[in-house]
2 protein chains.
Amino acid sequence: MKPTLQTVADVVGVSRSTVSNAYSRPDQLSPELRQKILDAARELGYAGPNATARSLRRGRAGAIGVLFTTTLSYAFIDPYAVRFLRGLSEAAERHDTGLLLIPLSHDDDETAAAKVREAVVDGFCVYCVPDWHHSQTVMKSIGRPAVTTAFRPDAYDFSVGIDDRTASRQAAAHLLRLGHRRLAVLAAYDDVDGARLGPIPAPDIDKIEDFEMRQRLRGIRDAVVDADLDWSTVTVVNTVTNSRAAGHAAAAHVLDTSPRPTAVLGCTDLVALGTIDALRDRGLRPGLDVSVTGFDDIPEAQTVGLSTVRQPAIDKGVIAGELLLDPPDDPGDRHVLLPTEFIVRTTTGPAERS
Amino acid sequence: MKPTLQTVADVVGVSRSTVSNAYSRPDQLSPELRQKILDAARELGYAGPNATARSLRRGRAGAIGVLFTTTLSYAFIDPYAVRFLRGLSEAAERHDTGLLLIPLSHDDDETAAAKVREAVVDGFCVYCVPDWHHSQTVMKSIGRPAVTTAFRPDAYDFSVGIDDRTASRQAAAHLLRLGHRRLAVLAAYDDVDGARLGPIPAPDIDKIEDFEMRQRLRGIRDAVVDADLDWSTVTVVNTVTNSRAAGHAAAAHVLDTSPRPTAVLGCTDLVALGTIDALRDRGLRPGLDVSVTGFDDIPEAQTVGLSTVRQPAIDKGVIAGELLLDPPDDPGDRHVLLPTEFIVRTTTGPAERS
DNA sequence: TTGAAAGCGATACCAA
DNA sequence: TTGGTATCGCTTTCAA
């Protein structure tokens with residue numbers, strides 16, 4: 001029989017409340033009594049209040065659930081994701097809260113729903129989950145607060161994001177200004193129908209279900225249209241997976257078509273880095289023979305000299321956490337738009353040279 | 001007022017048990033009644049049983065706590081850690097269990113203890129926590145099962161690990177067989193006293209509190225002694241942080257001493273890769289001018305051609321999870337020793353050339 | 001197939 | 001400062 005608060009109370013000859021206070025509110029009883037209780041507890045093998053029971057009574061789980069549809073590996077292999085989580089965990093830590101990872105990869109609706117419903121958490125952070133995902137319906141019905149990592153006042157209680165569309169428009173405009181006219185785009189998303197690697201018909205980008213990817217592609221299109229270039233001349237390829245290797249493969253495909261594009265826009269830094277790998281394979285020099293841009297500004301981008309859109313990943317995490325754990329009074333503050341900046345480094349150059 | 005099981009029961013005119021069954025044991029009531037209950041619940045905005053209450057009643061939290069003393073970033077920036085966690089999450093998923101991250105970095109004893117005590121979990125996975133850490137005392141007193149990621153029948157209920165000592169001995173023996181006599185070792189550990197970057201006096205390695213690092217260094221010493229080399233001629237430097245950058249810095253220090261070592265043993269792949277970065281800075285060729293070995297065999301090691309000790313990271317995670325969630329009946333199976341293999345690639349070569 | 005009653009283990013309020 | 005009591009929301013025998 002495992003010892004409980006009651007056990008200790010009986011042994012010491014005090015009430016449960018007093019034992020409880022000994023643990024949770026030391027100032028509510030004399031140090032001597034407290035010590036006596038703690039000693040007795042130790043002797044009985046009582047390890048302190050049961051966490052679950054305390055959660056129930058207090059109405060606080062002490063954790064926030066992080067929902068994502070990628071596998072655990074993918075979630076953490078992306079340096080951008082890691083930085084975001086770092087920010088999130090910083091905020092969580094400040095509020096004595098843990099992070100419960102809830103991977104929803106390859107789950108059917110039932111399973112996903114169960115995972116969300118059975119999560120002992122005070123709120124959710126929707127990290128990488130499309131709107132249509134069944135988990136979202138369930139999550140919303142649970143009535144716990146949820147924050148998502150894109151600017152989505154339309155669909156979530158709280159949200160923090162950047163203006164993906166404008167940011168990627170800037171990247172594209174930069175290349176167009178340099179005179180590039182043969183552009184290729186590498187997107188990375190995984191839709192409900194199982195998007196495949198390969199060219200995406202130009203008009204289809206509006207149907208992409210991944211909010212961020214859709215916006216980034218639209219931004220590129222905006223710039224292309226601004227520059228009086230025909231959007232259908234732009235090759236858009238989906239790498240499906242957001243990884244350097246997937247970017248490498250997709251870029252290989254794109255670079256071997258003729259005429260070769262003079263610039264490749266990566267929708268994430270990882271696929272842009274993969275593109276640079278593919279260039280190197282072919283003896284092509286980034287920024288001279290072919291220009292490359294990325295998105296995120298992960299640490300490796302700096303090492304490589306990748307021209308890219310910088311977004312504040314850690315801040316995004318911190319803010320997501322704070323929104324959830326210390327909600328602002330003013331409803332107007334519940335959705336945060338963070339600034340981005342296009343960083344010109346060495347992987348972009350004039351088109352003449354290409 | 002949030003709706004509860006009772007609310008729904010009252011509205012439908014049945015008892016709480018029946019509503020509970022509607023959710024948790026559909027076979028216990030007629031489909032019609034179940035549907036009626038579910039409909040009423042939806043209408044009332046009742047989202048299904050409260051997870052915490054259910055946990056309390058069932059005596060199952062549905063999560064395992066992952067304890068580590070590094071920061072969240074470091075925990076996930078190491079590809080080895082990511083692979084381990086991938087395995088762990090695979091096992092967890094099989095048992096409908098989540099992963100609660102519990103970072104114990106820069107916490108005082110009180111805080112660490114509180115985090116452990118308040119974690120709503122069914123068991124703990126001690127990922128990167130030294131024996132002396134206060135959290136361990138608390139954890140053990142809680143009475144929930146714990147698994148650690150080293151072969152430690154002496155100190156934990158369950159454990160899974162490799163023979164670090166023998167494995168690193170093999171790496172060192174390989175170099176010695178190639179004729180290397182001026183060796184440097186890069187360790188990466190963070191002791192209670194705050195180990196600093198810099199040379200470690202030779203006899204001190206037995207005092208290192210990080211179990212794995214201690215064993216790896218001992219293994220190297222074993223090989224050195226076997227080869228009739230004086231252990232005190234070997235320079236051991238601690239990078240403190242296990243990262244490529246820290247390895248880079250420490251290696252720079254080591255490579256700029258004269259006479260320069262002809263071989264550098266990295267105690268992890270990350271610091272070994274950092275060493276290769278440092279070699280490149282100096283125009284030195286790995287495997288020709290200076291030999292380098294690593295430990296872990298992370299994916300990047302293969303790309304770079306690093307000679308290293310391969311250990312089954314994912315399997316380690318899977319087994320850790322299974323030990324916790326589906327404990328073997330036979331006590332003899334509670335501690336698992338996994339095989340390792342020394343992989344010779346291109347970063348090691350004969351000493352003559354150095 | 002359904003319901004009544006007894007907890008799971010703790011906390012919080014209020015009274016002493 | 002300490003104790004009594006109600007309650008957090010659900011599951012689970014057991015009986016009807």
Side-chain angles (χ1 to χ4, degrees), chain A residues 1-38 40-41 44-62 96 114 117-122 142-144, chain B residues 1-38 40-41 44-62 114 117-122 141-144:
Chain A
M1 179 66 193
K2 253 212 315 242
T4 71
L5 245 186
Q6 184 69 252
T7 322
V8 180
D10 290 348
V11 168
V12 181
V14 294
S15 78
R16 300 201 304 238
S17 333
T18 306
V19 180
S20 175
N21 283 334
Y23 283 96
S24 311
R25 317 169 77 170
D27 51 315
Q28 294 296 300
L29 71 176
S30 65
E32 300 80 43
L33 181 54
R34 180 173 134 91
Q35 197 51 53
K36 195 169 147 199
I37 291 172
L38 261 31
L44 289 164
Y46 176 73
N50 173 295
T52 309
R54 156 178 287 189
S55 280
L56 176 58
R57 187 59 245 238
R58 287 192 168 165
R60 177 176 182 280
D96 294 316
R117 220 177 356 231
E118 290 177 13
V120 179
V121 297
D122 298 313
I142 287 187
R144 273 187 275 271
Chain B
M1 179 69 193
K2 256 219 305 251
T4 71
L5 244 185
Q6 184 68 253
T7 322
V8 179
D10 289 348
V11 168
V12 181
V14 295
S15 78
R16 300 200 305 237
S17 337
T18 306
V19 180
S20 175
N21 283 334
Y23 282 96
S24 313
R25 319 169 79 171
D27 51 315
Q28 295 295 299
L29 72 176
S30 66
E32 299 81 43
L33 180 55
R34 179 173 135 91
Q35 196 51 54
K36 196 169 147 196
I37 291 173
L38 261 33
L44 289 165
Y46 176 73
N50 173 294
T52 310
R54 156 178 288 190
S55 279
L56 176 59
R57 186 59 242 243
R58 288 195 167 160
R60 177 176 182 280
R117 223 180 351 235
E118 290 177 14
V120 179
V121 297
D122 298 313
S141 79
I142 287 188
R144 272 186 276 271

>> Any side-chain N or O of B:S20 below 4.0 angstrom from OP1/OP2 of D:dT12?
In response: no
> What about A:T52: does its side chain form a donor-acceptor pair under 3.5 Å with the base of C:dA10?
Replying inline: no
> Contact class for B:L29 (heavy atom, under 4.0 Å): base, sugar-phosphate, or nothing?
Replying inline: sugar-phosphate
>> Checking B:I37 against B:T18 for the side-chain contact (heavy atoms from CB on, under 4.5 Å) test, could you report, in this order, the C-alpha distance in whole Å, the side-chain angles of both residues, the deciding distance, and whether it holds?
In response: CA-CA 9 Å; B:I37 291 173; B:T18 306; 3.8 Å; yes
> Taking only side-chain nitrogens and oxygens of A:T18, does any of them come within less than 4.0 Å of OP1 or OP2 of D:dT2?
Replying inline: no
> Is there a side-chain polar atom (N or O) of A:Y46 under 4.0 Å from OP1 or OP2 of C:dA10?
Replying inline: yes
>> With a 3.5 Å cut-off and heavy atoms only, can you find an N or O donor on one side and an acceptor on the other between the side chain of B:S17 and the base of C:dA4?
In response: yes
> D:dG3, C:dC8, C:dA5: which one has an atom nearest the side-chain heavy atoms of B:R57?
Replying inline: C:dC8
> Are any side-chain N or O atoms of A:R144 and backbone N or O atoms of A:V121, one a donor and one an acceptor, separated by less than 3.5 Å?
Replying inline: yes
>> Regarding A:R60, tell me which of base, sugar-phosphate or nothing describes its non-hydrogen contacts under 4.0 Å with the strands shown.
In response: nothing
>> Just N and O in the side chain of B:R54: are any of them under 4.0 Å from OP1 or OP2 of D:dT11?
In response: yes
> Out of D:dG9, D:dT12, C:dA4, which nucleotide sits closest to the side chain of B:R25?
Replying inline: D:dT12
>> Just to be sure I understand the rule, does B:Q28 reach a base, reach only the sugar-phosphate, or reach nothing, if contact means heavy atoms closer than 4.0 Å?
In response: base
>> What contact category does A:L56 fall into here, base, sugar-phosphate, or nothing, at under 4.0 angstrom with non-hydrogen atoms?
In response: base
